[in-house]
Amino acid sequence: MATLYPDISHYHPVTNWSQVSSNCPFLISKATQGTNYVDPTLTDFIDGCETWKIPYWLYTYLNYGSELAQAKFLVSTCDSKVPKNSKYFVGYILDVEAGNTAANVKSALDYLNGLGKKTMIYHMYSQQAVYASIINARPDTCAWWEARYGNNTGSYNATYSAHNGVDLHQYTSKGTCAGISGNCDLNRICGSKNEAWFKTPLSSNTTSDSATTPTYKVGTVYTLQVDRLNVRKGAGTSYAKVAYANLTDNAKANAYKTGQLKKGTKVTCKETQAVGNDIWMRIPSGWIAAYYNGKYYIK
């Protein structure tokens with residue numbers, strides 16, 4: 001089974017949801033363009049992802065001018081189609097490749113970032129300098145997605161890598177994926193955000209089976225309630241532990257040489273992810289269990 005990260009539209013729709021669900025941990029699809037165009041496969045795409053329980057992202061291709069209005073059209077269109085409290089809709093994306101001004105793109109992205117969803121900004125490799133200020137100031141809930149194909153053979157060629165710091169690299173428009181019609185865009189995860197980040201909606205967008213499950217706010221400082229808490233490279237115990245040498249200086253001052261944090265350590269919440277009934281928190285050094293097996297590890 002191949003693990004693939006395609007982005008699609010009506011030009012290359014899903015034809016076999018069973019195959020796609022086996023090969024693709026998440027999907028990205030075009031939703032709108034401008035302020036009046038809706039991709040004709042949008043409803044079927046959303047219904048398919050919801051039925052097959054595939055996490056998904058929706059993007060708008062930004063025409064030049066009125067970018068904020070276009071972002072609002074994306075949201076209003078998707079709000080009418082995505083089920084309320086969806087467990088699989090992850091967030092919105094701005095597809096920026098029409099020579100859009102940085103100021104207008106920033107306005108549109110700021111609007112999306114205020115909706116409580118994850119976001120992405122996409123551009124071509126050659127446009128990086130134009131949008132560098134936006135990229136560098138993006139919140140942790142926003143990913144940087146860049147296209148660079150090189151010879152565009154359908155496979156990744158390391159000679160044509162993305163800029164340093166890119167989270168998702170679109171490396172071809174001639175890829176193939178079982179269950180998707182024709183050639184499609186394929187991507188690779190290459191930055192600090194792992195696959196789970198792209199698959200998981202913000203915890204505020206999900207509902208819990210337990211009324212006692214806590215909520216944590218990004219930017220808030222919390223205190224460890226347990227001793228020797230592991231820091232991991234992803235949200236969940238299946239991810240490797242972060243070594244002491246790779247902790248931030250502040251974390252090292254409050255950790256054992258094993259890399260485990262001491263009880264009473266102050267941590268700043270950068271992001272949260274729900275894993276079953278557990279809540280994991282990303283701090284500057286990595287991921288830690290905040291609420292695990294019904295117990296508060298962080299308050």
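For the pairing with Q170, the side-chain hydrogen bond (donor to acceptor under 3.5 Å, both in side chains) check across W145, Y122, Y5 returns one residue only, Y122.
Separating the CD1 atom in I180 from the CH2 atom in W17 is a distance of 8.5 Å, to the nearest 0.5 Å. Taken to the nearest 0.5 Å, the OH atom of Y11 stands 11.0 Å off from the OG1 atom of T41. Atom CG of L62 and atom CG of L68 lie 10.5 Å apart (nearest 0.5 Å). In this structure, CG on N151 lies 8.5 Å from OG1 on T172, to the nearest 0.5 angstrom.
In this structure, the side chains of L229 and Q260 stay at 4.5 Å or more apart for every pair of heavy atoms. Counting heavy atoms from C-beta on, the side chains of W144 and H123 come closer than 4.5 Å. Side-chain atoms of Y61 and Y37, non-hydrogen and from C-beta on, never get closer than 4.5 Å to each other.
A cation-pi geometry, defined here as NZ or CZ lying under 6.0 Å from the six-membered ring centre and within 45° of its normal, does not hold between K117 and F89.
Nearest heavy-atom pair, A31 versus L58, reported as atom, atom and distance to 0.1 Å: CB-CB, 4.1 Å. A pairwise comparison of heavy atoms in Y216 and C269 identifies CB-SG, 4.5 Å as the closest pair. For the residue pair S9 and S29, the shortest heavy atom distance occurs at CA-OG, 4.3 Å. The minimum heavy-atom distance linking Y256 with D227 is given by the pair OH-OD2, 2.9 Å. When all heavy atoms are compared, the tightest approach of P83 to Y56 is CD-OH, 4.1 Å. Shortest non-hydrogen contact noted between G99 and Q127 is N-NE2, 4.2 Å.
A donor-acceptor pair under 3.5 Å is formed between the side chain of Y222 and the backbone N or O of K217. Checked by atom type and distance alone, the side chain of Q128 never pairs as donor or acceptor with a backbone atom of H163 at under 3.5 Å. Here the side chain of Q70 pairs a donor or acceptor atom with the backbone of G65 at under 3.5 angstrom. Not a single donor-acceptor pair under 3.5 Å links the side chain of T51 to the backbone N or O of G48. Between the side chain of N100 and the backbone N or O of N63, at least one donor-acceptor pair lies under 3.5 Å. In this structure a side-chain-to-backbone donor-acceptor pair under 3.5 Å is present from W57 to F198. Between the side chain of S86 and the backbone N or O of Y88 there is at least one donor-acceptor pair closer than 3.5 Å.
Cluster note: Y156 groups with L4, Y171, L186 through ILVMFWY side-chain heavy atoms spaced under 4.5 Å, whether in direct contact or through intervening members.
A salt bridge links K118 with E271: the closest approach of a Lys/Arg side-chain nitrogen to an acidic carboxylate oxygen falls below 4.0 angstrom. In this structure, K30 does not pair ionically with D39, as no charged nitrogen and carboxylate oxygen lie closer than 4.0 Å.
Atom NZ of K262 has more than 12 heavy atoms from other residues, nucleotides or ligands within 6.0 Å.
The hydrophobic clustering, which links ILVMFWY residues whose side-chain heavy atoms are closer than 4.5 Å, places I279 and Y297 together. Residues L247 and V226 share a hydrophobic cluster, clusters being chains of Ile/Leu/Val/Met/Phe/Trp/Tyr side chains in contact below 4.5 Å.
Checked by atom type, the side-chain pair T141/N113 shows no donor-acceptor distance below 3.5 Å. Y160 and N152 form no side-chain donor-acceptor contact under 3.5 Å, judged by distance and modelled atom types alone. A donor-acceptor contact closer than 3.5 angstrom is absent between the side chains of T248 and N250. Between the side chains of S107 and E67, no donor-acceptor pair is found at a separation under 3.5 Å.
W197 has its ring centre no less than 6.0 Å from the ring centre of W280.
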